[in-house]
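As structure tokens, the structure follows; a few thoughts come after it.
Since the model is a prediction, treat every value here as computed from it, not as a measurement. Here is the naming used below: chain letters follow the sequence lines, and residue numbers restart at 1 for every chain.
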Protein chains: 2
Amino acid sequence: MKRTLTPRGAATKRRIVEAAAELIYAKGAERVSLDEVMEATGASRSQLYHYFANKDALVREVIEIQTTRILEANSGHLEHLDSFEALRVWRDALIAANRAGGVRGCPLGSLANELAAHSEEARHQLDQSFAAWGTVIEKGLCRMRERGQIKASANPKAMSVAILAAIQGGILLSKTARDSQPLELALDMALNHLERFAA
Amino acid sequence: MKRTLTPRGAATKRRIVEAAAELIYAKGAERVSLDEVMEATGASRSQLYHYFANKDALVREVIEIQTTRILEANSGHLEHLDSFEALRVWRDALIAANRAGGVRGCPLGSLANELAAHSEEARHQLDQSFAAWGTVIEKGLCRMRERGQIKASANPKAMSVAILAAIQGGILLSKTARDSQPLELALDMALNHLERFAA
DNA sequence: CCAAAAATGGACTGTCCAGTCCATTTTTGG
DNA sequence: CCAAAAATGGACTGGACAGTCCATTTTTGG
């Protein structure tokens, strides 16, 4: 769509995506109008259509940036995972982040719930995002298994999916209750389940 | 809003709520227009505003009916819960229902995700729905504990919340992947966690 | 049987919104 | 320095949609 992008253009585009990400996180993709994005960024209508083919394309970029943010935040905790203690630190970080953000839900979970049935393309993109997140968790568990902290009989792949489900379900219940406790209980269950496989 | 409701009126109202429930389940509340509800039911615009103050009121009734349906379906399995085997039957029923419905998500979970941040009233209503669902699970666990199948040290309240989180997260991941496996893995984790407390 | 209440029909309004179009300003690169 | 490309401005369109309004038909209950 764009041949070249000058630094100025790239900055404008990024500004738009970041503002759209926050608006969409707060209200959902369907409830955010391009006028709101224009107002929040000071960009004109033409700029939106200059950098994005249409609203869906903007939403795709929002999914992209949210995925990147989440993978970065989790990789920090998981890629040197070496003990159950480190898992608990990660657990506490997830809860702290949930609280710090006002218990408003997971950007990816919210988008998945809204878009999975509406756009096959978005559904697939979000499925990839969850898969990547799951892989980060799985790699961490594999590391623990290699270090002999988890039994060889453990199934990191299956566990990573179950842990991610606990995170998503916990965040959804917490968002609905406006209370981080459900997330805490869900994570506690997930870690307790993991400890059954402690070597 | 209505003084009396004749049987005919009650039937019309019910028809509207049921059609709206299906449409909203498929597309989300924001993406369903009253014109679609009219088309699906053969009702006129006046009828909608005769039976419901506005669209939000209709959505509230949809939440109500979906809550009732879910509580009924789960109560059947949980109110005579008497063994781990019965828990597994419930697990299988949840997965079968998820598959039978086309792995489209949980009606309550989807609405909670969409509406929690948008309408304080809907958020509160859905919080109550989840609480009621959790209570059904909790009562089942209490019954097992009273029968001595679960240790007295188990915490049914906390467990019910964690199990519900696993269900919701599993359903969300399954909906996104269009594959019931994530739900299966999440439920397996939840039941395995419970079995740690087998007496 | 008949007046009041309930149920239904459907046109109309005002607003919001995604997307289009054409023009102007700014930057780039030779 | 200048032409081409990139970036920006903003009016305009067509449709969708929630909600209003007034009328007619049907049912109820005394």
Within one Ile-Leu-Val-Met-Phe-Trp-Tyr cluster: B:Ile163 and B:Ile70, side-chain cutoff 4.5 Å: yes
Atom pair NZ/CD1 of B:Lys55 and B:Ile24 - distance to nearest 0.5 Å: 7.0 Å
Interatomic distance where NZ belongs to A:Lys13 and P belongs to D:dA7 [whole Å]: 10 Å
Residues A:Glu120 and A:His124: side-chain donor-acceptor under 3.5 angstrom: no
Residue-phosphate contact under 4.0 Å: A:Gln47 side-chain N/O, D:dT8 OP1/OP2: yes
Sugar-phosphate, base or nothing in reach of A:Val32, heavy atoms under 4.0 Å: sugar-phosphate
B:Cys106 versus B:Trp133, closest heavy-atom pair with distance: SG-CZ3, 4.0 Å
For atom CG of B:Asp35 and atom P of C:dC12, their distance in whole Å: 16 Å
Closest nucleotide among C:dA7, D:dA18, C:dG9 to the B:Ser44 side chain: C:dG9
Separation of atom CE in B:Met38 from atom C1' in D:dA18, rounded to whole Å: 11 Å
Side-chain H-bond candidate by donor/acceptor type, A:Ser110 with A:Glu114, under 3.5 Å: no
Nucleotide-resolved protein contact map, nucleotides 19-28 of chain D, B/S/- at heavy-atom distance under 4.0 Å: BBB----SSS
Below 4.0 Å: OP1/OP2 of D:dA7 and any side-chain N or O of A:Thr12: no
Interatomic distance, A:Arg31 CZ vs D:dC17 P [rounded to whole Å]: 14 Å
Side-chain H-bond candidate by donor/acceptor type, A:Lys175 with A:Asn98, under 3.5 Å: no
Below 4.0 Å: OP1/OP2 of C:dA7 and any side-chain N or O of B:His50: yes
Length of the CG-C1' vector between B:Leu58 and D:dC17, whole Å: 15 Å
Distance, rounded to the nearest Å, where B:Phe52 contributes CZ and C:dT8 contributes P: 11 Å
Watson-Crick or G-U counterpart of C:dT26, or none if no pair lies under 3.5 Å: D:dA5
Under 3.5 Å side-chain donor-acceptor pair for B:Thr41 and B:Arg15: no
